[in-house]
**Student:** 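I'd like to ask you about the structure that follows.
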Amino acid sequence: HDQELTHCCTHPTQRLVVTASRDTTFRLWDFRDPSIHSVNVFQGHTDTVTSAVFTVGDNVVSGSDDRTVKVWDLKNMRSPITTIRTDSAVNRISVSANQRIIALPHDNRQVRLFDMSGVRLARLPRSNRMGHRRMVCCTAWNEENQACNLFTCGFDRQAIGWNINIPALLQEK
């Protein structure tokens with residue numbers, strides 16, 4: 001990378017690592033063959049890539065300060081299979097392993113949920129009683145816990161646990 005790294009993630013089953021950077025790229029590092037360590041550079045964003053994560057299927061999901069999230073197929077990374085356009089910079093995204101739902105934390109205090117094809121499923125509340133009062137910097141899924149399966153944290157010094165009814169979300173779309 002030409003500038004600071006912003007995120008890294010390992011593949012759940014293969015010897016692959018993806019790194020994101022302020023240089024507007026993310027890179028796929030392949031350690032499957034011990035004799036060859038290949039690196040592929042992907043330039044699908046126009047601003048800092050804030051995170052890039054693997055999904056259980058063979059996808060990489062990248063989020064950026066350019067207000068987009070892109071879903072890439074590991075077998076063909078030439079162009080994204082889905083682009084999600086938002087109205088605010090995207091921070092540290094996460095993807096639920098079981099349901100493949102992308103949680104997008106934003107600079108504008110919002111957290112939005114999308115499916116892998118780019119369909120918006122929900123926006124988490126952000127009133128004074130619920131939600132974050134400042135930028136949301138990170139999301140993390142916890143699918144082992146039915147009562148609290150999504151966590152968010154923000155610049156308001158709060159970590160919030162959410163109970164997302166995923167079957168109902170998927171049924172509504």
**Student:** CZ of Arg92 to OG1 of Thr139: how many Å apart, nearest 0.5 Å?
**Tutor:**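 So the gap between those two atoms works out to 10.0 Å.
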**Student:** Just verifying a value: how many Å separate Asp73 CG and Arg78 CZ, rounded to the nearest 0.5 Å?
**Tutor:** 10.5 Å
**Student:** How long is the straight-line distance from CG of Asp115 back to OG1 of Thr82, given to the nearest 0.5 Å?
**Tutor:**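 One gets 8.0 Å once the value is rounded to the nearest 0.5 Å.
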**Student:** Looking only at non-hydrogen atoms, find the nearest pair between His132 and Gly154 and report the distance.
**Tutor:**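 Closest heavy-atom pair between His132 and Gly154: CE1-N, 3.6 Å.
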**Student:** Kindly indicate whether the side chain of Thr48, heavy atoms from C-beta on, has any atom under 4.5 Å from the side chain of Ser64.
**Tutor:** no
**Student:** Check whether Arg15 reaches the backbone of Phe31 with its side chain - one donor and one acceptor, N or O, closer than 3.5 Å.
**Tutor:**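 Confirmed, Arg15 side chain pairs with Phe31 backbone.
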**Student:** Where do Trp162 and Pro125 come nearest, in terms of heavy atoms and distance?
**Tutor:**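 Shortest heavy-atom contact: CZ3-CD, 3.5 Å.
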**Student:** Taking Ser96 for its side chain and Asn98 for its backbone only, find out whether a donor-acceptor pair lies under 3.5 Å.
**Tutor:** no
**Student:** Side chains of Leu5 and Ser21: does their closest heavy-atom pair fall under 4.5 Å?
**Tutor:** yes
**Student:** Counting C-beta onward and ignoring hydrogens, is there a side-chain heavy-atom pair between Val136 and Gln110 closer than 4.5 Å?
**Tutor:**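 No, every pair of side-chain atoms sits at 4.5 Å or beyond.
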**Student:** Tell me whether Met116 shares a hydrophobic cluster with Val119, the cluster being built from Ile, Leu, Val, Met, Phe, Trp, Tyr side chains joined at under 4.5 Å.
**Tutor:**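 No, Met116 does not connect to Val119 through the hydrophobic network.
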**Student:** Evaluate the side-chain proximity of Leu28 to Val39: yes if any heavy-atom separation is below 4.5 Å, no if none is.
**Tutor:**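 Val39 does not reach Leu28 side chain to side chain.
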**Student:** Taking the side chain as every heavy atom from C-beta outward, state whether Leu113 and Leu150 have any atom pair closer than 4.5 Å.
**Tutor:**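 In contact.
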**Student:** Would you say Phe114 and Val53 are hydrophobically clustered, going by side-chain heavy atoms of ILVMFWY under 4.5 Å?
**Tutor:** yes
**Student:** Hey, what do you get for CG (Asp47) to CG (Asp65), rounding to the nearest 0.5 Å?
**Tutor:** 5.0 Å
**Student:** If Ile, Leu, Val, Met, Phe, Trp and Tyr residues are connected whenever their side-chain heavy atoms lie under 4.5 Å apart, and connections chain through other members, are Ile93 and Ile81 in the same group?
**Tutor:** yes
**Student:** Decide yes or no on side-chain contact (heavy atoms from CB on, under 4.5 Å) for Leu74 and Leu16, but give the supporting numbers first.
**Tutor:** CA-CA 11 Å; Leu74 265 178; Leu16 299 170; 4.2 Å; yes
**Student:** Passes side-chain hydrogen bond (donor to acceptor under 3.5 Å, both in side chains), Thr6 versus Thr50? Steps please.
**Tutor:** CA-CA 6 Å; Thr6 56; Thr50 53; over 6 Å; no
**Student:** Would a hydrophobic clustering, with Ile, Leu, Val, Met, Phe, Trp and Tyr connected at side-chain separations under 4.5 Å, put Met77 with Trp29?
**Tutor:**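 They do not share one cluster, since no chain of ILVMFWY contacts under 4.5 Å joins Met77 to Trp29.
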**Student:** With a 4.5 Å heavy-atom cut-off, do Val90 and His106 have their side chains touching?
**Tutor:**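 Contact flag for Val90/His106 side chains = yes.
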**Student:** Classify the side-chain pair Asp33/Ser35 by whether it contains a donor and acceptor separated by less than 3.5 Å.
**Tutor:**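 Their side chains do contain a donor-acceptor pair, which is all the 3.5 Å distance test asks for.
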**Student:** Hey, is CZ on Arg22 packed in by over 12 heavy atoms from elsewhere, all under 6.0 Å?
**Tutor:** no
**Student:** Using the rule that two of Ile, Leu, Val, Met, Phe, Trp, Tyr join whenever any of their side-chain heavy atoms come within less than 4.5 Å, decide whether Val111 and Ile164 are in one cluster.
**Tutor:** yes
**Student:** Is any side-chain heavy atom of His1 less than 4.5 Å from a side-chain heavy atom of Thr25?
**Tutor:** yes
**Student:** Are the side chains of Thr46 and Thr24 in contact, using a 4.5 Å heavy-atom criterion?
**Tutor:**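 The answer is no; the side chains never approach within 4.5 Å.
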**Student:** Could you tell me the separation between the CD1 atom of Ile101 and the CH2 atom of Trp141, rounded to the nearest 0.5 Å?
**Tutor:**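 Taking CD1 in Ile101 and CH2 in Trp141, the distance rounds to 5.0 Å.
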**Student:** Can Val95 and Asn59 be said to form a side-chain contact (heavy atoms from CB on, under 4.5 Å), step by step?
**Tutor:** CA-CA 11 Å; Val95 179; Asn59 297 115; over 6 Å; no
**Student:** Starting from the C-alpha separation in whole Å, work towards a yes-or-no answer on side-chain contact (heavy atoms from CB on, under 4.5 Å) for Val71 and Ile102.
**Tutor:** CA-CA 10 Å; Val71 179; Ile102 309 166; 4.0 Å; yes
**Student:** What closest approach, in Å, do Ala52 and Ala20 show between heavy atoms, and which atom pair accounts for it?
**Tutor:**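 Closest approach of Ala52 to Ala20, heavy atoms only: N-CB, 4.2 Å.
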**Student:** Remaining members of Met135's ILVMFWY cluster at a side-chain heavy-atom cut-off under 4.5 Å?
**Tutor:** Phe155
**Student:** When rounded to the nearest 0.5 angstrom, what is the spacing between CG in Leu104 and CZ in Arg123?
**Tutor:**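 Taking CG in Leu104 and CZ in Arg123, the distance rounds to 13.5 Å.
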**Student:** Starting from the C-alpha separation in whole Å, work towards a yes-or-no answer on side-chain contact (heavy atoms from CB on, under 4.5 Å) for Asp87 and Arg112.
**Tutor:** CA-CA 11 Å; Asp87 60 357; Arg112 294 186 180 111; 3.1 Å; yes
**Student:** Under the ring-ring contact (aromatic ring centres under 6.0 Å, His included) rule, what pairs show up with a residue in residues 41-95, not counting sequence neighbours?
**Tutor:**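 Those involving residues 41-95 are His11-Phe54, Phe26-Phe42, Phe26-Trp72.
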**Student:** Shortest non-hydrogen contact from Gly161 to Cys148?
**Tutor:**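 Gly161 and Cys148 have their closest heavy atoms at CA-SG, 3.2 Å.
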